[in-house]
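Any value given below was found using the heavy atoms of this structure, including those in side chains, with hydrogens, waters and symmetry copies removed.
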Amino acid sequence: MNRGAPVAAKFYARPTEEVARGLLGRILVSDIGGRRRQTAGRIVEVEAYLGPHDPACHAYNRRRTARTEPLYGPPGTAYVYFTYGMHWCLNAVTETLDFPAAVLIRALEPIGGADTMRRRRGTEPLCAGPARLCQAMGITGAVNGVSLQRGRLRIVEGPAPRKSEIVVGPRIGITQAADWPLRFYLKGSPWVSRQG
DNA sequence: ACGCAGATTTTCT
DNA sequence: GAAAATCTGCGTT
């Protein structure tokens, strides 16, 4: 495992649940705002959004609009959407070109640039929650649709957790398919958005 | 520790 | 016009 190297495009071109589990332990790096303001965090919590047949997915029933367009792009693309009038959330697009599925990044363990994160956030916690981590890392619609393999926003190799450390539960904050067990997080991590 | 309401705007009905 | 893959601050237990 080549630590610090970008996660290969091939990694994302797999079933979304596998990608979700596989992203745990890997590192999200942001150079948004300049390299001297680099921020980085280890992914500790994710959710899978399975595509056209997942009622909670933005592309349910193959809905294709300006907003959902990046979901139909190549695997390894960033899908950044705006919600509740003030929040950005980051996904990694999965599967194949034209299949609209993705993994929502929900929480990070900060491992670099915590000072920058604190300045952007203004309060704790820094990266426990999908909108919090976007604010901490400077992620907005400006990076919607970019590749996560290179450039200002990327996911690189990191220490993989053991399978026994991964907890599965229902996704948070949705009303459709609310009982589908598609949330994955690291057992006992103090950095997740919530336990249970 | 927990629960609730308000913020704020895009997106689709 | 309503809902939304959320967060915060303030209230009460």
Quiz prompt | Whole-Å gap separating C1' (B/dT11) and CG (A/N61) | solution = 16 Å
Practice problem: Using a 4.0 Å heavy-atom cut-off across all strands, classify A/A131 as base, sugar-phosphate, or nothing. | Solution: sugar-phosphate
Quiz prompt | OP1 or OP2 of C/dA4 under 4.0 Å from side-chain N/O of A/T175 | solution = yes
Exercise. Answer with base, sugar-phosphate or nothing: what part of the nucleic acid does A/R183 contact at a heavy-atom distance below 4.0 Å?
Key: nothing
Quiz item: For the side chain of A/Y84 and the base of B/dA7, is some donor closer than 3.5 Å to an acceptor across the two?
Solution: no
Quiz item: Expressed in angstrom and rounded to an integer, what is the separation of A/W88 atom CH2 from B/dT9 atom P?
Solution: 12 Å
Exercise. With the side chain of A/M86 defined as its heavy atoms from C-beta on, choose the nearest nucleotide among C/dC7, B/dT10, B/dA7.
Key: B/dA7
Exercise. Would you mind telling me which of C/dT6, C/dA5, B/dT10 lies closest to the side-chain atoms of A/I174?
Key: C/dA5
Quiz item: Any side-chain heavy-atom pair from A/Y49 and A/P100 closer than 4.5 angstrom?
Solution: no
Practice problem: Can you tell me the distance, in whole Å, between the CD1 atom of A/I139 and the P atom of C/dA5? | Solution: 19 Å
Quiz item: Closest to the A/T65 side chain: C/dT8, B/dC12, C/dC7?
Solution: B/dC12
Self-check item: Within 45° cone and under 6.0 Å: A/R14 NZ/CZ vs A/F11 ring
Solution: yes
Self-check item: Rounded distance in Å - OH (A/Y60) to P (B/dC12)
Solution: 16 Å
Practice problem: Would you mind reading off the distance between A/R121 atom CZ and C/dT8 atom C1', rounded to a whole angstrom? | Solution: 9 Å
Exercise. Map A/G85 and A/G129 onto DNA chain C by nearest heavy atom, then report which one ends up closer to the 5' terminus.
Key: A/G85
Exercise. Measure the distance from CD on A/Q135 to P on B/dA7 and round it to the nearest whole Å.
Key: 18 Å
Quiz item: Does a salt bridge link A/D98 with A/R64, judged by any charged N lying under 4.0 Å from a carboxylate O?
Solution: yes
Exercise. Using both distances under 3.5 Å as the test, list the Watson-Crick or G-U wobble partner of C/dC7, or none.
Key: B/dG6
Quiz prompt | Integer-rounded Å distance: B/dC12 P and A/F82 CZ | solution = 15 Å
Practice problem: Over 60° means perpendicular and under 30° means parallel, so classify the ring planes of A/Y79 and A/H58, tilted if in between. | Solution: perpendicular
Quiz item: Do NZ/NE/NH1/NH2 and the carboxylate oxygens of A/E45 and A/R194 come within less than 4.0 Å?
Solution: no
Quiz prompt | Closest to side chain of A/R63, choosing from B/dC12, C/dA5, C/dC7 | solution = B/dC12
Quiz item: Under 4.0 angstrom, heavy atoms only, what part of the nucleic acid is A/L104 near: base, sugar-phosphate, or nothing?
Solution: base
Practice problem: Using whole Å, report how far CG of A/N91 lies from C1' of C/dA5. | Solution: 8 Å
